[in-house]
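The structure under discussion appears below in the form of structure tokens.
Just so you know, residue 1 is the first one in the sequence shown, and it goes up from there. We count ligands from 1, going down the list as the structure has it; atoms in each ligand are counted the same way.
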Amino acid sequence: MAKLRVGLIGVGRIADLHRLGYVDNPRAELYAVCDVDEGRVQRRTREWGVNKAYTDYRRLLADRNVDAVEVITPHHLHAPMTIEALEAGKHVSVQKPMCLDVAEADAMIAAARRSGKLMRVFENFQSYPPIMKAKELLDSGAIGEPLSMRIKCTQGSPGEGWKIPQGTLAWRFDPAQSGGGRVIFDYGYHLFSIAIHLLGPVEKVFAWITDRPVQHGWVLDSPAVVIWKYRDAEKYGSYEAVTSDNILVQTKYWPEDEWIEVTGSAGFLWVNRCTSMLLDRPPLVMYRDGVTTEFSNLDSDWATSFVNGTRDFIDAIVEGRPVPLTGEQGKAVLQFCRAAQLSAREAREVRPEEIR
Ligand SMILES: NC(=O)c1ccc[n+]([C@@H]2O[C@H](COP(=O)([O-])OP(=O)(O)OC[C@H]3O[C@@H](n4cnc5c(N)ncnc54)[C@H](O)[C@@H]3O)[C@@H](O)[C@H]2O)c1
């Protein structure tokens with residue numbers, strides 16, 4: 001069977017990790033790239049050995065050789081680009097957050113239904129091996145009935161980490177392009193997605209979010225604490241985000257890290273790192289019946305989550321099956337993020353379905 005031909009729209013900083021999903025992929029090739037930055041698109045084409053280069057995404061969508069696209073642009077472009085791509089007959093993987101609001105999410109879901117093509121929201125933490133293993137253990141009852149979860153996030157300074165260009169940061173602090181909320185929306189989308197993925201749908205949310213001026217006139221929504229109750233039981237979760245330039249985050253990627261604790265009726269699971277290598281501990285640890293089990297041999301390179309997530313998208317197209325996050329799942333995560341932001345603004349509990 002011929003390989004699927006994929007085009008990337010937006011080849012900025014994170015596209016480096018998307019590209020890895022096509023290296024030695026037996027089912028797909030990276031066929032085209034598109035970016036409004038002509039120098040960048042030329043460099044990517046050369047370095048990655050890609051066939052086609054575009055600076056206008058509509059021209060890429062008109063290319064009949066392209067079977068599927070990945071939308072990897074600033075957030076305000078996710079909905080229009082996804083809808084146009086579906087209408088052009090392409091399968092679409094769109095980076096998180098799915099879009100800016102529920103109306104856009106509904107329009108994307110409707111466009112996918114009309115087109116009969118696959119649309120998925122790319123959220124890489126769900127494809128990160130320590131989280132995949134934690135999910136498998138939870139689902140098998142390894143720590144009994146899940147009772148609560150706690151997510152801790154820290155943004156700090158990189159050591160020899162990735163260089164993040166100013167342009168990659170700047171649009172994230174412009175609410176018109178990013179939808180507002182570097183920590184709770186742009187980045188938080190990952191963690192709220194994991195909160196649902198591991199323990200189920202959420203009934204109500206409460207949050208305190210500090211809007212703090214930082215450099216360049218930007219406003220950072222951190223420190224923040226978000227708490228929530230799950231829908232199906234007296235089960236609770238929390239997310240705490242703290243930012244400090246004085247914390248050195250050993251990383252190969254963004255200078256931030258996350259660790260997650262899930263409590264069950266018979267034990268605990270700890271995911272000790274995701275994006276970076278801040279804690280010198282095994283990536284996954286389980287406690288049950290007086291025994292601590294360390295899962296030290298899991299692949300804990302964050303880039304692997306991109307490779308897994310990309311391959312899953314391609315496999316889903318070939319096999320004609322859905323793939324997480326589906327449109328509806330992506331919309332639920334968006335409502336969760338927005339519920340936290342609304343709760344902080346109005347100092348009250350918010351149910352995600354209030355977000356319309
Ligand atoms: N963990 C993750 O999965 C993760 C991490 C980082 C970023 N992201 C997501 O990836 C996306 C891109 O983030 P980034 O950090 O690479 O940002 P970036 O600014 O480095 O890259 C965005 C690229 O889009 C290009 N672009 C802008 N408008 C365009 C248009 N009209 N047509 C074509 N290209 C256009 C820009 O020139 C730029 O090269 C965002 O949606 C972000 O949320 C996800």
*Judged by non-hydrogen atoms, does F306 sit under 4.0 Å from ligand 1?*
yes
*Can the ring centres of F125 and H197 be said to be less than 6.0 Å apart?*
no
*asked:* Using side-chain heavy atoms (C-beta onward) and a distance below 4.5 Å, is V6 in contact with E29?
replied: no
*May I ask you to check whether Q95 has an N/O atom sitting below 3.5 Å from an N/O atom of ligand 1?*
yes
_Once you restrict to heavy atoms under 4.0 Å, what part of E38 touches ligand 1? Side chain, backbone, both or neither._
neither
_Lys/Arg cation over aromatic F173: R182, 6.0 Å, 45° cone_ = no
*Check ligand 1 against L77 and write out every atom of the ligand that is under 4.0 Å from a heavy-atom position of the residue.*
28 (N), 29 (C), 31 (N)
*Which bit of P74 gets closer than 4.0 Å to ligand 1, counting heavy atoms only: side chain, backbone, both or neither?*
side chain
*Please state which protein non-hydrogen atom is closest to atom 20 (O) of ligand 1 and give its distance, to 0.1 Å?*
T168 OG1, 2.6 Å
_Ring geometry between Y230 and W228 (parallel below 30°, tilted from 30 to 60°, perpendicular above 60°)_ = perpendicular
*If you measure every N/O of H75 against every N/O of ligand 1, is any gap under 3.5 Å?*
yes
*Decide if the gap between the ring center of H75 and the ring center of W171 is smaller than 6.0 angstrom.*
yes
*Looking only at distances, please establish whether an N/O atom of ligand 1 is found under 3.5 Å from an N/O atom of R13.*
yes
_Regarding R172 and D186, does a basic nitrogen lie under 4.0 Å from an acidic carboxylate oxygen?_
yes
*Quick one: does NZ or CZ of K96 land under 6.0 Å from the six-membered ring centre of Y189, within 45 degrees of the ring axis?*
no
*For atom 22 (C) of ligand 1, what's the nearest protein heavy atom and its distance?*
I72 O, 3.7 Å
_To check your reading of the model: name the closest protein heavy atom to atom 21 (O) of ligand 1, its residue, and the distance in Å._
G12 CA, 3.3 Å
*Looking at atom 3 (O) of ligand 1, what's its closest protein heavy atom, distance included?*
N124 OD1, 2.9 Å
*Do the charged groups of D63 and K52 touch, with an N to O distance under 4.0 Å?*
yes
*asked:* Tell me whether F125 reaches ligand 1 (any heavy atom closer than 4.0 angstrom to a ligand atom).
replied: no
*For atom 26 (N) of ligand 1, which protein heavy atom lies nearest, and how many Å away is it?*
V36 CG2, 3.8 Å
*On the 0 to 90° scale, with breaks at 30° and 60°, tag the Y253-W302 ring pair as parallel, tilted or perpendicular.*
tilted
*Please confirm whether I14 comes within less than 3.5 Å of ligand 1 when only nitrogen or oxygen atoms on both sides are compared.*
yes
*Identity and distance of the protein heavy atom lying nearest atom 32 (N) of ligand 1*: M81 CE, 3.5 Å
*For ligand 1, which atoms, with element, lie under 4.0 Å from some heavy atom of D186?*
43 (O)
*asked:* Tell me whether W254 has any N or O atom under 3.5 angstrom from an N or O of ligand 1.
replied: no
*To which protein heavy atom is atom 38 (C) of ligand 1 closest, and what is the distance rounded to 0.1 Å?*
R40 NH1, 3.2 Å
*asked:* Suppose we measure from atom 19 (O) of ligand 1 to each protein heavy atom; which comes out shortest, and what is that distance?
replied: W171 NE1, 2.8 Å
*Which of the atoms in ligand 1, numbered in the order shown and given with their element, are less than 4.0 Å from a heavy-atom of H190?*
1 (N), 2 (C), 3 (O)
_With heavy-atom distances below 4.0 Å as the criterion, list the atoms of ligand 1 near H78._
41 (O)
*Ionic contact status for E87 with R114, cut-off 4.0 Å*: yes
*For T73, atoms of ligand 1 separated by under 4.0 Å from a heavy atom*: 11 (C), 24 (O), 34 (N), 35 (C), 40 (C), 41 (O)
*Looking at W162, is R13 sitting on its ring face, NZ or CZ under 6.0 Å from the six-membered ring centre and within 45 degrees of the normal?*
yes
*From Y31 OH over to D67 CG, what is the distance, rounded to the nearest 0.5 angstrom?*
10.0 Å
*Check each atom of ligand 1 against the heavy atoms of W302 and keep those under 4.0 Å away; list them by number with element.*
1 (N)
*Answer yes when R27 and D315 have at least one side-chain N-carboxylate O distance shorter than 4.0 Å, and no when they do not.*
yes
_Distance, nearest 0.5 Å, that separates CG of L334 from CG of L100_ = 8.5 Å
